[in-house]
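The structure is given below, and queries will be raised subsequently.
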2 protein chains.
Amino acid sequence: MKPVTYVNSLFEDFPEGAQNPVTQKSQLPKKRSNLRDVAKAAGVSVATVSRVLNEPGVVKPDTREKVQAAIADLKFVPSAAARAINSGRTRFVGALIPTLDNAIFARFLAALERELSAHQLSLVVATTDSDPDIETQKAKELVDIGAEGLIVTGAAHNTGLKDLIEQTMLPTIITSYFDRANPLPTIGYDNAAAAQIALEHLADLGHSEIAVVHGPVHNNDRTRARLAGLNASDCSVELATHETDISLEGGSVVGKQIAALPHKPDAILCLSDVVALGVLFGLQASGVKVPEDVSLVGIDDLPSSAVSVPPLTTVHLPVSTMGERAAAALARWISDQEIPRAEMLEATLVQRQSARRKT
Amino acid sequence: MKPVTYVNSLFEDFPEGAQNPVTQKSQLPKKRSNLRDVAKAAGVSVATVSRVLNEPGVVKPDTREKVQAAIADLKFVPSAAARAINSGRTRFVGALIPTLDNAIFARFLAALERELSAHQLSLVVATTDSDPDIETQKAKELVDIGAEGLIVTGAAHNTGLKDLIEQTMLPTIITSYFDRANPLPTIGYDNAAAAQIALEHLADLGHSEIAVVHGPVHNNDRTRARLAGLNASDCSVELATHETDISLEGGSVVGKQIAALPHKPDAILCLSDVVALGVLFGLQASGVKVPEDVSLVGIDDLPSSAVSVPPLTTVHLPVSTMGERAAAALARWISDQEIPRAEMLEATLVQRQSARRKT
DNA sequence: TTGACATATGTAACTGGTTTCATCAACCTC
DNA sequence: GAGGTTGATGAAACCAGTTACATATGTCAA
């Protein structure tokens with residue numbers, strides 16, 4: 001074991017301009033003190049120190065004070081690992097998400113973290129870049145450092161990850177996706193239905209030539225499910241699909257392309273709001289007006305969608321609720337061995353001003 | 001110790017419509033197998049099993065295979081805690097950030113996580129809502145679960161956190177802030193200078209009446225530093241400050257307020273880009289044109305700033321670089337006990353189309 | 001044939017906590 | 001005053017790994 005050592009001057013000020021020069025190592029290993037040290041210093045047994053830490057009520061007040069003094073004196077900090085080895089609990093779970101760059105995942109994580117925190121669980125975040133191999137790799141790392149459970153995005157994973165989950169029997173919840181028949185519990189929404197809601201709204205408004213802008217279908221079952229929903233719809237519309245990056249830039253590029261089209265579509269359906277906002281910017285930069293010249297709808301309902309000009313008609317995906325539910329379900333799975341049931345959350349249309357009736 | 005138990009049917013399919021009903025607990029505790037079990041099954045000693053796990057090269061191929069077979073057979077997964085207790089390493093660090101809702105932190109985290117991952121470190125995220133008490137609380141939880149280091153935002157923290165860091169001697173790096181004289185290493189930019197760059201640009205363009213829109217100053221030393229930079233500037237301009245939430249909505253509200261003003265400012269300086277984009281939306285919704293009627297600049301340089309209409313002139317803050325540097329520095333601090341030096345990253349003006357010369 | 005040395009494996013101590021069980025004193029009851 | 005109960009504490013086992021050291025076997029040179 002390499003003892004962690006410190007330079008003593010860490011908390012002293014150093015002169016201005018003397019660009020903190022401490023690049024040498026410490027001379028005094030000054031080993032971190034442990035339970036035994038504290039027990040010796042306080043003149044009690046290790047059991048008593050442990051009790052002071054965990055059930056202070058059962059030790060006599062003056063003994064307790066002696067121990068606490070020793071703890072403070074030795075700057076004793078209990079080792080998380082040693083505690084974990086006995087309890088079998090590490091008190092954290094891992095979340096595997098494609099990216100942090102899309103606000104939708106940031107919102108999801110925020111809710112997840114909030115609810116996990118309420119259950120005394122911390123959250124380790126790992127981004128996968130939508131690559132199943134990276135996903136599996138990161139999952140292994142999470143297991144390796146002791147994650148007690150996993151939150152994964154979508155239902156498509158490579159066999160490495162499935163094997164890992166099966167072998168370790170790690171409580172794992174699938175989010176952003178709903179499938180009652182999945183062997184692992186899914187907590188999410190029906191992506192196909194969400195896309196259909198958006199499409200039907202456009203059809204209701206009288207639009208029949210619709211451009212669909214979506215992110216990469218490769219390695220993304222949510223996008224594929226949404227596209228499948230569109231194709232399965234019985235609206236009599238004509239769809240032209242455009243694949244691009246799920247980013248403002250990606251959307252903007254497509255927006256400009258569509259603006260340059262000799263024959264423009266009646267409406268544009270973007271399979272996520274970031275892309276929709278990007279398309280809006282791209283159109284506006286090209287002088288195309290929304291919704292006067294073309295209607296635009298998205299899916300997600302990001303905060304930006306409510307304040308953009310015009311505000312974006314979109315399908316609200318309850319990602320915050322999803323985060324809360326997933327966190328609560330995982331917490332109970334871990335603490336009570338209660339396997340969660342699948343939960344479907346409702347996606348709902350939010351009508352704003354970016355889509356209007358065809359004139 | 002509560003053994004973690006599982007329902008055996010977890011990976012079996014269940015009939016459609018029978019909404020997975022497994023809410024009962026398992027009958028067979030089926031204790032997780034450990035090193036000793038594997039050793040017994042393979043007919044070798046625990047040391048050999050350990051070697052197969054950690055230095056496979058030194059064990060004879062056929063012994064190794066026997067052991068690996070036993071590992072696979074018993075679905076053995078080494079305990080992270082037991083490993084950590086010997087190595088003293090838990091292989092993860094914590095990051096305390098105000099919120100995930102602002103894309104600037106999401107971008108920072110993404111870079112941080114990427115670089116930490118390259119150093120075999122995982123990242124535990126904790127959001128503080130800019131509340132120093134929550135921050136301290138979460139920091140304690142992070143230490144409690146074994147974080148090997150900490151990344152914190154800004155230099156203002158309550159004494160609880162400072163004591164914790166001092167007592168545990170936990171490697172801790174301050175980001176989003178630069179101060180060579182801080183006892184803890186800071187890796188960030190000069191917030192005052194960043195604000196001055198934006199202000200000087202507006203002054204250079206001939207603007208003299210400038211509205212400043214900023215987030216809450218309470219508990220936010222970065223905002224305060226930026227405001228201080230503005231006040232310390234020798235530009236002969238007149239500043240009117242507006243405080244609002246750091247969000248699109250917050251900015252939008254102020255944008256509408258400014259649009260309704262009988263006497264409008266020449267220019268608007270927003271101390272963060274989210275707010276600037278919100279202001280832009282608010283102005284546009286009120287029929288005020290940027291930059292024709294009023295110039296607008298932000299600070300941060302978010303992806304959205306490059307594609308908005310008009311694209312936003314802003315001050316680029318190198319948060320991705322900051323994330324990488326902080327991760328690298330923390331990783332070396334942890335593994336080599338090498339205390340990082342403070343690093344100042346340059347903030348630079350990015351001229352786009354939202355600010356123009358006063359006519 | 002023997003000593004030197006490398007290779008492969010096992011034994012047991014060790015990490016830093018928690019927890020069971022035993023001990024002992026003080027108090028209460030009959 | 002004997003016997004039972006309660007409260008406070010300690011000794012030692014235990015968790016699941018790693019690792020220092022010892023041992024056994026095999027190879028090669030002298």
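A, B, ... follow the sequence lines: proteins, then strands. Residue 1 opens every chain.
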- Take the protein atom CD1 of Ile71(A) and the nucleotide atom C1' of dG17(C), then report the distance between them rounded to whole Å. 13 Å

- Task: Would you indicate what Gly43(B) reaches in the nucleic acid, counting non-hydrogen atoms under 4.0 angstrom: base, sugar-phosphate, or nothing?
- Result: sugar-phosphate

- Message: What is the distance, to the nearest angstrom, from the CG atom on Asn54(A) to the P atom on dT18(C)?
- Response: 4 Å

- Can you name the closest pair of heavy atoms from Ala42(B) and Val67(B) and give their distance? CB-CA, 3.9 Å

- Message: I want to verify a distance call: between dT19(C), dT18(D), dG17(C), whose nearest atom is closest to the Pro78(A) side chain?
- Response: dG17(C)

- Query: For Val58(A), which contact category applies under a 4.0 Å heavy-atom criterion: base, sugar-phosphate, or nothing?
  - Reply: sugar-phosphate

- Is there a side-chain polar atom (N or O) of Asn34(A) under 4.0 Å from OP1 or OP2 of dG16(C)? yes

- Query: Measuring from Leu123(A):CG to Leu123(B):CG, what's the distance to the nearest 0.5 Å?
  - Reply: 9.0 Å

- Message: Starting the side chain at C-beta, find the nucleotide from dG17(C), dT11(C), dG10(D) nearest to Phe76(A).
- Response: dG17(C)

- Query: Can you list every side-chain hydrogen bond (donor to acceptor under 3.5 Å, both in side chains) pair that touches residues 55-78 of chain A, not counting sequence neighbours?
  - Reply: none

- Task: Can you check whether any acceptor in the base of dG17(C) is under 3.5 Å from a donor in the side chain of Arg36(A), or vice versa?
- Result: yes

- Query: Could you state the interatomic distance from CD (Glu166(B)) to OG1 (Thr159(B)), rounded to the nearest 0.5 Å?
  - Reply: 11.0 Å

- Item | side-chain hydrogen bond (donor to acceptor under 3.5 Å, both in side chains) evaluation trace for Ser130(A) with Asn219(A) | CA-CA 6 Å; Ser130(A) 291; Asn219(A) 282 338; over 6 Å; no

- Message: I need the CZ-P distance between Arg89(A) and dT19(C), as an integer number of Å.
- Response: 13 Å

- Task: Would you mind reading off the distance between Ile85(A) atom CD1 and dC15(D) atom P, rounded to a whole angstrom?
- Result: 10 Å

- Message: I want to check one thing: is the phosphate of dT9(C), taken as OP1 and OP2, less than 4.0 Å away from some side-chain N or O of Thr63(B)?
- Response: yes

- Out of dT18(C), dG17(D), dT9(C), minimum distance to the side chain of Lys60(B) belongs to dT9(C)

- What's the CG-C1' distance between Asn86(B) and dG17(C), to the nearest Å? 13 Å

- Taking CZ from Arg83(A) and P from dT18(C), how many angstroms apart are they, rounded to a whole number? 5 Å

- DNA chain C: 5'-proximal contact among Pro61(B) and Ala82(B) (nearest heavy atom): Pro61(B)

- When rounded to whole Å, the CD to P distance for the pair Glu55(B) and dT18(D) reads 10 Å

- Query: For the pair made of CZ in Arg51(A) and P in dT9(D), what is the distance, rounded to whole Å?
  - Reply: 8 Å

- Between Ser45(A) and dG10(D), does any side-chain N or O lie under 4.0 Å from OP1 or OP2? yes

- Message: At less than 4.0 Å, is any side-chain N or O atom of Ser50(A) found next to OP1 or OP2 of dT18(C)? Yes or no.
- Response: yes

- Query: Which part of the nucleic acid does Thr48(A) contact within heavy-atom distance under 4.0 Å: base, sugar-phosphate only, or nothing?
  - Reply: sugar-phosphate

